[in-house]
Protein chains: 2
Amino acid sequence: MRCTAQEVCDKLVNEDSILSSQGGIVFTFGGVGITVRQKDVVGNIMQEWVRGWLERKDIDFELSQNTQMPPDFYLNPDNKQENLLEVKAFDNERGPGFDIADFRMFASEVIEKPYMLEADYLVFGYKMTAGVVTVKNLWLKKVWQITCSSANWPMKLQVKESVVHKIRPGVFYSGRAKFKSFECLEDFLSALEESIYQNRDTRELSQQWKNRFLASYYAHYGVRLNIPRWSEIAERYRAQGQ
Amino acid sequence: MRCTAQEVCDKLVNEDSILSSQGGIVFTFGGVGITVRQKDVVGNIMQEWVRGWLERKDIDFELSQNTQMPPDFYLNPDNKQENLLEVKAFDNERGPGFDIADFRMFASEVIEKPYMLEADYLVFGYKMTAGVVTVKNLWLKKVWQITCSSANWPMKLQVKESVVHKIRPGVFYSGRAKFKSFECLEDFLSALEESIYQNRDTRELSQQWKNRFLASYYAHYGVRLNIPRWSEIAERYRAQGQ
């Protein structure tokens, strides 16, 4: 059976009522079974659970080989340029702590594979209390809907000792988030381009990045995107209430 | 029932035959159960399994509150200065990848709690194949038996951007390891002291560290340790076959 990401999300919520389900992780060894209570383990295995659920539901998919980059699942194994599904999970009481993608790899890959930008992110907000796992929220989002700006970079990034590593999510579901999510693909791309320029490790990419990306996007979708300069829109994405 | 760490280890191997047992991790949610195949999850939950096993065996213990520092278990809840048990696990096909302790915290704590140095490390060398967990090796070691020197530091440390973070284990079970494990507590302490001096973040500690530690150790055990200078013994711990 073929499903879109939206249909997957709807089935999880409506058919299988996962927002009112309970679960748990049991490790059995040498005749002793224990319920795992470590919260971060859940985040790591939700993607494996979705795989099991897709199989149970007889929904077609193919796994991606590259675990560093989206997507996790190709929902249309005959066409790996559409219906891409990425699974993320975070502790709903703590806020999104997952990585979106390696920044440098993402900057290069969107030129080669502009359709990656249309991947759907199925995001689980889980809770674990005394070993009982529940899912408090389930979202289906595009990448620009879960990313935002930050104090020192146009895009929220993980930066260690001045080296940019990962693109990180914002608190995309809260109206009181310090930084609001991007409103559209073009604004996300604007922040991405400015970050590519600001980051010394990708600066050599930045001169032709926009031209190359726009040509590639046009070749794939037949649409000429208009990416604003970051300076034109930065004001809209500054920290709120500051 | 009271047990020493050695008795715990013997029971695991001889009574419960864990070296020939099989196990697995199952995550059940929304009516779908999956067998977890991620190897690093095992390392994170082995300590939880030992807790369950101790309970099943009716062996007394108390959990430590500080998860950053050894031990995990006090096997004598009436005396938290002896019979300390720390559990570690690593993928037997890849080699030890766990942290021993935060370097700075360890350097300070051994002065206050010299008995920490006598904690027993119960180390599981596990294997996970297609979701089936087996334990290939089980060791019971002292900290100096699983640590070693390294190319740039007297002690093997995790260093990121010139900042020392963790004390790391050597390939302690292999005669062909590049760096052999320390032969005795005193040699471990020698490497520790020289590392405290070499590391800019702990240098202010280093002038009085040895005096303070020796006084504390004597107060606790009534034994005057003789810690050699690192320069006197470094030769014995250099990389082998170089």
Side-chain angles (χ1 to χ4, degrees), chain A residues 11-59 63 67 87 89 124 126-128 130-135 138 159-163 165, chain B residues 11-59 63 67 87 89 124 126-128 130-135 138 159-163 165:
Chain A
K11 277 178 189 289
L12 283 167
V13 174
N14 302 324
E15 282 183 22
D16 285 13
S17 310
I18 67 155
L19 295 179
S20 51
S21 296
Q22 290 198 335
I25 306 166
V26 173
F27 175 36
T28 308
F29 183 76
V32 174
I34 58 137
T35 296
V36 175
R37 287 154 195 270
Q38 279 184 46
K39 294 183 178 186
D40 49 355
V41 170
V42 183
N44 293 332
I45 64 181
M46 211 71 216
Q47 187 233 325
E48 290 196 57
W49 181 83
V50 170
R51 179 188 174 172
W53 181 86
L54 289 169
E55 286 170 350
R56 165 76 67 90
K57 288 288 185 176
D58 210 18
I59 295 171
L63 288 177
T67 58
V87 174
F124 291 78
Y126 66 83
K127 186 177 165 187
M128 189 188 228
V132 176
V133 178
T134 50
V135 173
L138 184 69
V159 182
K160 291 184 193 165
E161 306 271 335
S162 305
V163 177
H165 291 268
Chain B
K11 278 178 188 289
L12 284 167
V13 174
N14 301 324
E15 281 183 22
D16 286 13
S17 310
I18 68 155
L19 295 179
S20 52
S21 296
Q22 290 199 333
I25 306 166
V26 173
F27 176 36
T28 309
F29 184 75
V32 174
I34 57 139
T35 297
V36 176
R37 286 154 195 270
Q38 279 185 45
K39 294 184 178 185
D40 49 354
V41 170
V42 183
N44 293 332
I45 63 183
M46 211 70 215
Q47 188 234 324
E48 290 196 57
W49 181 84
V50 170
R51 180 189 174 170
W53 181 86
L54 290 170
E55 286 170 349
R56 165 76 68 90
K57 289 289 185 175
D58 209 17
I59 295 171
L63 287 177
T67 58
V87 174
F124 291 78
Y126 67 83
K127 185 177 167 188
M128 189 189 228
V132 176
V133 179
T134 50
V135 173
L138 184 69
V159 182
K160 291 183 192 166
E161 306 272 335
S162 305
V163 177
H165 291 268

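In what follows, chains are A, B, ... by sequence order, proteins preceding strands, each numbered from 1. These numbers come from a predicted model, not from an experiment. What you see below is based on every heavy atom in this structure, not just the backbone, and it leaves out hydrogens, waters and symmetry mates.
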> Which atoms of A/Thr134 come close to chain B, meaning under 4.5 Å heavy atom to heavy atom: side chain ones, backbone ones, both, or neither?
Replying inline: backbone
>> Quick check on A/Ser17 against chain B: is it the side chain, the backbone, both or neither that has a heavy atom closer than 4.5 Å?
In response: neither
> Where is the tightest heavy-atom contact between B/Phe29 and A/Val133, given as atom of each residue plus distance?
Replying inline: CE1-O, 3.6 Å
> Who among B/Val41, B/Val36, B/Asp16 has the most heavy-atom pairs with chain A under 4.5 Å?
Replying inline: B/Val36
> Within a radius of less than 6.0 Å around CD of B/Gln22, do more than 12 heavy atoms belonging to other residues, nucleotides or ligands occur?
Replying inline: no
> Is it the side chain or the backbone of B/Ser20 that comes within 4.5 Å of chain A heavy atoms, both, or neither?
Replying inline: neither
> If you count heavy-atom pairs under 4.5 Å between each of A/Arg56, A/Gln38, A/Arg37 and chain B, which one has the most?
Replying inline: A/Gln38
> Can any side-chain N or O of B/Glu48 pair as donor or acceptor with the backbone N or O of A/Ile34 at less than 3.5 Å?
Replying inline: no
> With respect to chain A, which residue among B/Leu12, B/Ile25, B/Val32 yields the maximal number of heavy-atom pairs within a distance under 4.5 Å?
Replying inline: B/Val32
